[in-house]
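What follows is a short report on a single structure.
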Amino acid sequence: MFDSGMRDNRTFYNKNHVDRMKKKINDYDEDSHKLVRQGEMLCKHCYYIMTDGIAGQAFTTAHCANCGKEMDFATTDTDDLCMQCAKELNCCKHCGANMD
């Protein structure tokens, strides 16, 4: 049965979620880790916004979408491009978007 504890718990969860999203947007706008982020060839979205995605805990092999090079990852959250192609194309290695 729905009670005030369930309501309060959901209200607390929702507020925390909004607060985390606001922080992510603020971090995105400030881009205080720009040099690190660019060195890792990650766009602002992947670096600041997509920080708590869901991925399986399984070693995964993927292939670079540009050159086909085999890449190994510790999770199922794989990159689209190898580092070399990301640099050559000036694209995010994770999603393939333009770097800024």
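Keep in mind that this is a model prediction, so the values were computed, not measured. FYI, side chains are in, hydrogens and waters are out, and symmetry mates aren't considered; it's all heavy atoms of this structure.
D3 CG to D8 CG: the interatomic distance, rounded to the nearest 0.5 Å, is 8.5 Å. Taken from NE2 in H17 to NZ in K22, the straight-line distance is 12.5 Å, to the nearest 0.5 Å. Note that SG of C92 and CG of D100 are 10.0 Å apart. Values are rounded to the nearest 0.5 Å. Atoms NE2 and CG, from H94 and L42 in turn, are 8.0 Å apart once rounded to the nearest 0.5 Å. The CG atom of N98 sits 9.5 Å away from the SG atom of C43 when rounded to the nearest 0.5 Å. To the nearest 0.5 angstrom, M99 atom CE is 4.5 Å from M41 atom CE.
Of all heavy-atom pairs between C64 and L81, the closest is SG-CA, 3.8 Å.
Y48 and H33 have parallel rings, their planes meeting at less than 30° on a 0 to 90° scale where 60° marks the start of perpendicular.
Partner of D31 under the side chain to side chain donor-acceptor pair (under 3.5 Å) criterion, chosen from R37, Q38, K44: R37.
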Residue pair M50, D77: steps toward the side-chain contact (heavy atoms from CB on, under 4.5 Å) verdict
CA-CA 11 Å; M50 300 302 295; D77 187 22; over 6 Å; no
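Checked against salt bridge (Lys or Arg N to Asp or Glu O under 4.0 Å), D80 has no partners two or more places apart in sequence or in another chain. Residues forming a side chain to side chain contact (heavy atoms under 4.5 Å, CB included) with K23 (at least two apart in sequence, or on another chain): D27.
Side chains of R10 and N14 form a contact here, defined as non-hydrogen atoms less than 4.5 Å apart. Counting only heavy atoms from C-beta outward, the side chains of N66 and L89 approach each other to under 4.5 Å.
Heavy-atom contacts from other residues, nucleotides or ligands closer than 6.0 Å to CD of E88 number more than 12. A 6.0 Å sphere centred on CZ of F12 holds no more than 12 heavy atoms belonging to other residues, nucleotides or ligands.
Using a 4.0 Å cut-off between charged side-chain N and carboxylate O, K15 and D19 make a salt bridge.
Think of F59 as one node in a network of Ile, Leu, Val, Met, Phe, Trp and Tyr side chains linked at under 4.5 Å; it has no links at all.
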